Amino acid sequence: SKAALFDAESKVKITFADVAGLDEAKEEVKEIVDFLKTPSKFTKLGGKIPKGALLVGPPGTGKTLLAKAVAGEAGVPFFSLSGSDFVEMFVGVGAARVRDLFKQAKEKAPCIVFIDEIDAIGRSRGRGQLPGANDERENTLNSLLVEMDGFATDSGVIILAATNRPDVLDSALLRPGRFDRQISIDKPDIVGREAIFKVHLKPIKLDPSLDPKKLAAQTPGFAGAEIANVCNEAALIAARRDKKAVDMQDFQDAIDRVIGGLEKKNKIIL
Ligand code: ATP
C-alpha cells in the first residue's frame, strides 16, 4: 500500500522543557542540536559530524519525545518511521521506503530522521523472527546501511534510532560512521518521576493539597508514558465524580487502574 510511507513534521513544537528528568541524555543530545544548528563550527577543524545515535531504553521512557525535542530545539523537520511497520512487508517495499525517506530527508536537511524500534529491521542477520519475512527484513536493513554510508557527514541529516534490545542489533549498524553513539534512557527514579508528574500535571485543575512528591513515591517502576496516563485518568475520574478539581483520591484510583492495566498486559505476555 502507498499509505503512510513515513511521517514528516516540518514544524516540531516539542522542546527540552517537555522532557522531564533524563538529564544526562539531554546533555548528550544537546550536542546534536548544536551540530544541526551550526555544523560549520564543528567541521572547520576537519572533524566529521556523527551520522546517528542510538537511544536505548525500555518502552515509554521518552525516547521518541527526546528525539522530537532535538528537532524542536534545532528548529528542523522530523521524519520518522517505525521498524515494526516493516515486518511482513512485500518484497522490495521496505527497501524502497527507506530510500524514499532518505531522499526526502536530504532535500529538507538539516533534519532529524527517527527510526523507532530499529531492532525490528536491525536484528543481526540469521537471527530470524518470522521465516520468509526474513529476506525482506535483510533487504530493508541493507538499504538502511547503504543509505547511511551514502550520505556525507555534512549533509545535515542526523539519524536517531530507538531500541530496547540493543543486544540483538546487527553489529554492522553499530560500526563507526553509523550508530556509533549510544545514549541510555532509563526508567525514572523517584526524582525523575516527580519531574515527569510536574510536566503532566500542568494542564490539570488540581486540588491545592495535591503533592507531586507523594505521587512519585506511589509509582515505583512507572515509565513516563504510564505517568502521563495516570494524570489523564485522574482528570477523567474527577470529572466523572463532578469535582471542581482533581484530588489525591482521584490520583490513587487512577494509579490503581494503571497498575491493573499493566498487570493484565504482563499476563498476556507471560
Ligand atoms: P516506546 O519505546 O514505547 O516507543 P518511548 O520511549 O519512545 O516509548 P515516548 O513515546 O517518547 O516513549 O513516551 C510516551 C509518552 O510518555 C510521551 O509522549 C510523554 O507524554 C510521556 N513521557 C515519557 N517520558 C517522559 C519524560 N521523560 N518526560 C515527560 N513525559 C514523558
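As the structure is a computational prediction, the values presented were derived from the model and not from experiment. As the structure lists them, so they are numbered: ligands from 1, and atoms in each ligand from 1. Excluded from the calculations below are hydrogen atoms, water molecules and symmetry mates; all remaining heavy atoms, backbone and side chain alike, are included.
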Quiz item: When you measure from atom 4 (O) of ligand 1 to every protein heavy atom, which one gives the shortest distance, and what is it?
Solution: Asp116 OD2, 3.3 Å
Quiz item: So Phe114 and Phe78, would you call those rings parallel, tilted or perpendicular, with 30° and 60° as cut-offs?
Solution: parallel
Exercise. Heavy-atom distances under 4.0 Å are what count here, so tell me which part of Ile196 touches ligand 1: side chain, backbone, both or neither.
Key: side chain
Quiz item: Nearest non-hydrogen atom to atom 16 (O) of ligand 1 belongs to which of Ala20, Ala225, Gly62?
Solution: Ala225
Practice problem: Kindly confirm or rule out an N or O of Leu65 lying under 3.5 angstrom from an N or O of ligand 1. | Solution: yes
Exercise. Could you list the atoms of ligand 1 found under 4.0 angstrom from a heavy atom of Thr64?
Key: 4 (O), 5 (P), 7 (O), 10 (O), 11 (O)
Quiz prompt | Under 3.5 Å side-chain donor-acceptor pair for Asn142 and Glu138 | solution = no
Exercise. Say whether, by atom type as modelled, one donor and one acceptor occur between the side chain of Glu73 and the main chain of Phe16 under 3.5 angstrom.
Key: yes
Quiz prompt | Under 3.5 Å donor-acceptor, Lys63 side chain and Pro58 backbone | solution = yes
Quiz item: Looking at atom 22 (N) of ligand 1, what's its closest protein heavy atom, distance included?
Solution: Gly224 C, 3.6 Å
Practice problem: Go through ligand 1 atom by atom and flag the ones less than 4.0 Å from a non-hydrogen atom of Lys63. | Solution: 2 (O), 5 (P), 6 (O), 7 (O), 11 (O), 12 (O)
Quiz prompt | Part of Asn164 with heavy atoms under 4.0 Å of ligand 1, whether side chain, backbone, both or neither | solution = neither
Quiz item: Judged by atom type as modelled, is there a donor-acceptor pair below 3.5 Å linking the side chain of Thr61 to the main-chain atoms of Gly57?
Solution: no
Self-check item: ligand 1 N/O within reach of Gly60 N/O, cut-off under 3.5 Å
Solution: yes
Self-check item: Atom indices of ligand 1, in the order listed, that fall short of 4.0 Å to a heavy atom of His200
Solution: 19 (C), 20 (O), 21 (C), 29 (C), 30 (N), 31 (C)
Self-check item: Enumerated ligand 1 atoms positioned under 4.0 Å from heavy atoms of Asp18
Solution: 28 (N), 29 (C)
Quiz item: For ligand 1, does Glu117 get within less than 4.0 Å through its side chain, its backbone, both, or neither, judged by non-hydrogen atoms?
Solution: neither
Self-check item: Residue Lys214 excluded, over 12 heavy atoms near NZ under 6.0 Å
Solution: no
Exercise. Grab the two heavy atoms, one from Ala245 and one from Ala238, that are nearest each other, plus how far apart they are.
Key: O-CB, 4.3 Å
Exercise. Taking Arg165 for its side chain and Asp119 for its backbone only, find out whether a donor-acceptor pair lies under 3.5 Å.
Key: no
